[in-house]
Amino acid sequence: MGRVVMYGSVSVDGFIADENDQPGPLFDWLLSGDVPLDSSGQLKVSQLSYDYTRSYWDQIGATIVGRHVFDMTDGWDGKPPGGVDHAVVVTHRPKPEGWAPEAPFHFVDGVEAAVATAQKLAGDRIVEVAAGDVGGQVLAAGLVDEVRMDVVPVVFGSGKRYFGSVHAQHLLEDPDVAIQGNRVLHLRYRVRR
């Protein structure tokens, strides 16, 4: 099975959205360079960010998100974000009425079921878990192997926390990757077992 990686862009003070649930400048780094990150041509980053991010994105087999993010994005119009093959949505509610049955989205109740479903779908590829409440729950359950952060030079002061409502201490190894791109610092930590 592939690694389970918690991932997201984050402010220096640890938030993935401001108190109005908006990302503000957290994704500006995706528009700060001249190297196209995907086929849309809209995302352009520095060469260093491209080398780091593209190789990571290409390894993702399934992404786990919460129902809140799914609803905010209108389910990405039935196509998982970043060209990922499958999205697993953690929810206690049924899938939206009229949701296309052929869309590669899987609705499950609970983070353990989400990780099991995503690992089955991803095979030996990476299972990505969106940072925030669901990511924090997966970390608290001991199911995260690695934490990746795109740290953006902004301080929100309050908002939605990167690790959600995690209240217990979790030790990470020293960062084994630290790459400075334009308006972003890419960090990768393995979770200490």
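As the structure is a computational prediction, the values presented were derived from the model and not from experiment.
- The aromatic rings of Phe107 and Phe70 sit perpendicular, their planes meeting at an angle over 60°, well past the 30° parallel limit.
- In this structure, CE on Met6 lies 6.0 Å from CG on Leu139, to the nearest 0.5 angstrom.
- Within a 6.0 Å sphere centred on CG of Asn20, heavy atoms belonging to other residues, nucleotides or ligands number more than 12.
- Between Asp150 and Phe27 the shortest side-chain heavy-atom distance does not fall below 4.5 Å.
- No donor-acceptor distance shorter than 3.5 angstrom exists from the side chain of Arg3 to the backbone of Ile126, with no hydrogens or angles considered.
- For the atom pair OH of Tyr7 and OH of Tyr162, the computed distance is 8.5 Å after rounding to the nearest 0.5 Å.
- In this structure, the separation between OG1 on Thr91 and CZ on Phe105 is 13.5 Å, given to the nearest 0.5 Å.
- Listed for the Asp13 side chain is a donor-acceptor partner under 3.5 Å among the backbone atoms of Gly157.
- Of the options Glu128, His186, Arg188, Arg148, a side chain to side chain donor-acceptor pair (under 3.5 Å) to Tyr56 is made by Glu128 and by none of the others.
- Nearest heavy-atom pair across Val191 and Glu146 is CG2-N, 3.9 Å.
- Across Val138 and Val129, no two heavy atoms sit closer than the pair CG2-CG1, 4.0 Å.
- Using modelled atom types and a 3.5 Å distance limit, the side chains of Gln47 and Asp51 yield a donor-acceptor pair.
- From Lys44, atom NZ reaches atom CD of Gln42 across 10.0 Å, with rounding to the nearest 0.5 Å.
- Contact between Pro80 and Ala87 at its shortest, heavy atoms only, is CG-N, 3.9 Å.
- Linking ILVMFWY residues whenever their side-chain heavy atoms come closer than 4.5 Å, directly or via other members, leaves Val147 and Val65 in distinct clusters.
- Residues Met149 and Phe163 share a closest heavy-atom pair of CE-CE1, 3.8 Å.
- A donor and an acceptor atom, one from each side chain of Asp21 and His68, are located under 3.5 Å apart.
- In the hydrophobic clustering of ILVMFWY residues, with side-chain heavy atoms under 4.5 Å counting as a link, Val12 and Phe15 come out apart.
- Each of Leu185, Asn182, Val45, Val151 was scored for a side-chain contact (heavy atoms from CB on, under 4.5 Å) with Trp29, with one residue passing: Val45.
- Taken together through direct or relayed side-chain contacts under 4.5 Å among Ile, Leu, Val, Met, Phe, Trp and Tyr, Leu37 and Trp76 form parts of separate hydrophobic clusters.
- Using a 4.5 Å heavy-atom cutoff, the side chains of Ser11 and Leu26 are in contact.
- Between Ile64 atom CD1 and Thr117 atom OG1 the span is 8.0 Å, to the nearest 0.5 Å.
- Between the side chain of Asp38 and the backbone N or O of Ser40 there is at least one donor-acceptor pair closer than 3.5 Å.
- Between the side chain of Arg183 and the backbone N or O of Val152, no donor-acceptor pair lies under 3.5 Å.
- When atom types are taken as modelled, the side chain of Asp133 and the backbone of Gly164 share no donor-acceptor pair closer than 3.5 angstrom.
- Placement of Val10 and Val5 in two distinct hydrophobic clusters is found when ILVMFWY residues are connected by side-chain heavy-atom separations under 4.5 Å, directly or transitively.
- Looking only at side-chain heavy atoms (C-beta outward), Arg67 and Val89 come within less than 4.5 Å of each other.
- Here CD of Gln119 is found 11.5 Å from CG of Asp124. Values are rounded to the nearest 0.5 Å.
- Taking every heavy atom of both residues into account, Pro23 and Phe156 meet most closely at O-CZ, 3.5 Å.
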Dump the intermediate steps for side chain to side chain contact (heavy atoms under 4.5 Å, CB included) on Arg192 and Glu173, then the final yes or no. CA-CA 6 Å; Arg192 188 175 286 181; Glu173 298 295 340; 3.3 Å; yes
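- Residues Arg193 and Asp145 are in side-chain contact: their nearest non-hydrogen atoms beyond the backbone lie under 4.5 Å apart.
- When the shell of 6.0 Å around CG of Asp176 is examined, it contains more than 12 heavy atoms from other residues, nucleotides or ligands.
- When all heavy atoms are compared, the tightest approach of Gly181 to Ser46 is CA-OG, 3.7 Å.
- Val166 and Leu143 fall within the same hydrophobic cluster, defined by Ile, Leu, Val, Met, Phe, Trp and Tyr side-chain heavy atoms under 4.5 Å apart, directly or through other members.
- Although no hydrogens or angles enter the test, the distance criterion places no donor-acceptor pair under 3.5 Å between the side chain of Arg54 and the main chain of Pro36.
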